[in-house]
Amino acid sequence: MSNNLQKVGRLMVKNGTYKDETGKEKNRYHEIGIVLATPHHSQITIKLHANGFGEGMFANVFYDEGKKPNFADKEPLGATPADDITPEDIPF
């Protein structure tokens, strides 16, 4: 498994409803795992939490043929453009 995976989302299932303080009905969700991805989302993995079948498991996500997005022109998550960095920003 790639060591540069970052958490990008939560895997949730609806498990009921509740009423908020104004009486409006809202959905209640339970987290069953997390979604991890490389900076350009070229690799996506789902980490399922432990369940009744045993320990948590990892599931890889594979794009369908011809459906993989082109992320080559995108900045990685949390990236700062080089023109925004000044010599004073470098801590050494």
Side-chain angles (χ1 to χ4, degrees):
M1 180 163 328
S2 179
N3 61 357
N4 62 345
L5 293 173
Q6 299 173 349
K7 180 182 171 188
V8 295
R10 298 178 294 156
L11 200 56
M12 310 288 280
V13 294
K14 180 181 169 187
N15 68 347
T17 59
Y18 69 96
K19 293 191 185 217
D20 67 7
E21 57 276 350
T22 64
K24 184 177 178 183
E25 189 170 288
K26 302 258 187 164
N27 293 330
R28 183 178 314 276
Y29 293 92
H30 177 73
E31 183 175 306
I32 61 168
I34 59 173
V35 180
L36 305 156
T38 56
H40 288 294
H41 293 206
S42 59
Q43 180 184 1
I44 299 174
T45 300
I46 295 171
K47 166 71 166 85
L48 297 171
H49 296 322
N51 55 38
F53 301 111
E55 294 184 24
M57 304 173 73
F58 284 93
N60 291 313
V61 176
F62 297 94
Y63 289 103
D64 287 339
E65 190 69 34
K67 300 288 184 179
K68 186 173 183 176
N70 177 10
F71 294 108
D73 57 346
K74 305 280 190 240
E75 290 289 328
L77 293 176
T80 303
D83 56 350
D84 290 347
I85 300 173
T86 64
E88 293 80 30
D89 293 333
I90 301 173
F92 49 89

4.5 Å side-chain heavy-atom contact, K14 and R28: no

Member of T38, V35, L36 meeting the side chain to side chain contact (heavy atoms under 4.5 Å, CB included) criterion with I44: V35

Distance-only side-chain donor-acceptor flag, N60 / T45, under 3.5 Å: yes

Spacing of CE belonging to M12 relative to NE2 belonging to H30, to within rounding of 0.5 Å: 8.5 Å

Heavy-atom check, side chain of I46 versus side chain of L11, under 4.5 Å: yes

M57 atom CE, over 12 foreign heavy atoms within 6.0 Å: no

ILVMFWY cluster, Y29 and L48 together (side-chain gap under 4.5 Å): no

Shared hydrophobic cluster, F62 / V8 (ILVMFWY, side-chain heavy atoms < 4.5 Å): no

Candidate pair D20 and Y18, rule side chain to side chain donor-acceptor pair (under 3.5 Å), full reasoning: CA-CA 7 Å; D20 67 7; Y18 69 96; over 6 Å; no

Test side chain to side chain contact (heavy atoms under 4.5 Å, CB included) applied to H49 and E31, step by step: CA-CA 8 Å; H49 296 322; E31 183 175 306; 2.9 Å; yes

